[in-house]
Amino acid sequence: GVVRPILDYLNSIPGGKAINIHGSVFSERGTPDIIGCVNGKMVAFECKRDDTEDLERIQRWRLSEWITAGAVVGGVSDVWHVKMILCLMGVI
């Protein structure tokens, strides 16, 4: 799967903590798969199996809500994507 390696990476960063959000009837539809905090910055990632899989409309909307609130977000399919986003956004 995609989620475990990304979680392992985020939790290996000094100052990093992330969890997997399992969708259920009790969670908001479109909630990102991974939420966490890295070096004081909230992060939210929607995980996809590969680069060809698009985010659903509700997932794009939820990520936009997190961006508006100041989080660093992305639709990702591997650890490289996460590293790149965190680097480009100045988180690491």
Side-chain angles (χ1 to χ4, degrees):
V2 175
V3 173
R4 175 52 46 198
I6 293 171
L7 277 176
D8 290 345
Y9 168 68
L10 291 170
N11 286 309
S12 76
I13 299 170
K17 172 63 180 165
I19 61 171
N20 184 8
I21 302 298
H22 297 280
S24 74
V25 295
F26 302 107
S27 63
E28 187 174 60
R29 216 172 133 249
T31 296
D33 296 311
I34 294 174
I35 62 167
C37 189
V38 178
N39 295 324
K41 191 71 171 176
M42 195 316 198
V43 297
F45 295 106
E46 182 61 43
C47 298
K48 294 299 177 185
R49 286 184 293 275
D50 58 52
D51 290 341
T52 64
E53 191 178 1
D54 289 330
L55 296 177
E56 294 175 17
R57 187 173 179 189
I58 187 67
Q59 293 169 331
R60 287 193 307 271
W61 175 256
R62 291 293 176 232
L63 289 179
S64 75
E65 291 179 318
W66 284 110
I67 289 170
T68 301
V72 170
V73 309
V76 298
S77 61
D78 59 30
V79 172
W80 184 86
H81 288 139
V82 173
K83 286 182 183 178
M84 192 58 79
I85 291 167
L86 295 179
C87 285
L88 289 171
M89 296 305 294
V91 178
I92 57 170

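- Legend: residues meeting side-chain contact (heavy atoms from CB on, under 4.5 Å) with Asp51, ordered by chain and number and at least two apart, are Ser77, His81.
- Evaluation of the side chain to side chain donor-acceptor pair (under 3.5 Å) rule for Glu65 yields Trp61, Arg62 as partners, not counting sequence neighbours.
- Asn20 places no side-chain N or O within 3.5 Å of a backbone atom of Ile34 that could act as its donor or acceptor partner.
- The line from CD of Gln59 to CG of Asp54 is 10.0 Å long, rounded to the nearest 0.5 Å.
- Hydrophobic cluster membership is shared by Leu88 and Trp80, with clusters built from Ile, Leu, Val, Met, Phe, Trp and Tyr side chains linked at under 4.5 angstrom.
- Arg57 meets the side chain to side chain donor-acceptor pair (under 3.5 Å) test with no other residue; sequence neighbours excluded.
- With hydrogens and angles disregarded, no donor-acceptor distance shorter than 3.5 Å links the side chain of Asp33 to the backbone of Glu46.
- Summarising the geometry, atom CE belonging to Met84 is positioned 14.0 Å from atom CE belonging to Met89; distances are rounded to the nearest 0.5 Å.
- Scored by the side-chain contact (heavy atoms from CB on, under 4.5 Å) test, Asp50 finds Thr52, Glu53 as partners (sequence neighbours excluded).
- Within the 3.5 Å criterion, the main-chain N or O of Leu86 finds no donor-acceptor partner in the side chain of Lys41.
- The OG1 atom of Thr31 lies 8.5 Å from the CD1 atom of Ile58; values are rounded to the nearest 0.5 Å.
- Think of Leu63 as one node in a network of Ile, Leu, Val, Met, Phe, Trp and Tyr side chains linked at under 4.5 Å; its network also takes in Ile19, Ile21, Ile35, Met42, Leu55, Trp66, Ile67, Val73.
- Remark: Val38 pairs with Leu10, Ile13, Val43, Val91, Ile92 by the side-chain contact (heavy atoms from CB on, under 4.5 Å) rule, at least two apart or across chains.
- At least one donor-acceptor pair closer than 3.5 Å links the side chain of Thr68 to the backbone N or O of Ser64.
- Nearest heavy atom pair, residue Ile6 against residue Cys47, reads CD1-SG, 3.9 Å.
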(message) Is there a side-chain contact (heavy atoms from CB on, under 4.5 Å) between Asn11 and Lys17? Walk through the geometry before answering.
(response) CA-CA 5 Å; Asn11 286 309; Lys17 172 63 180 165; 3.6 Å; yes
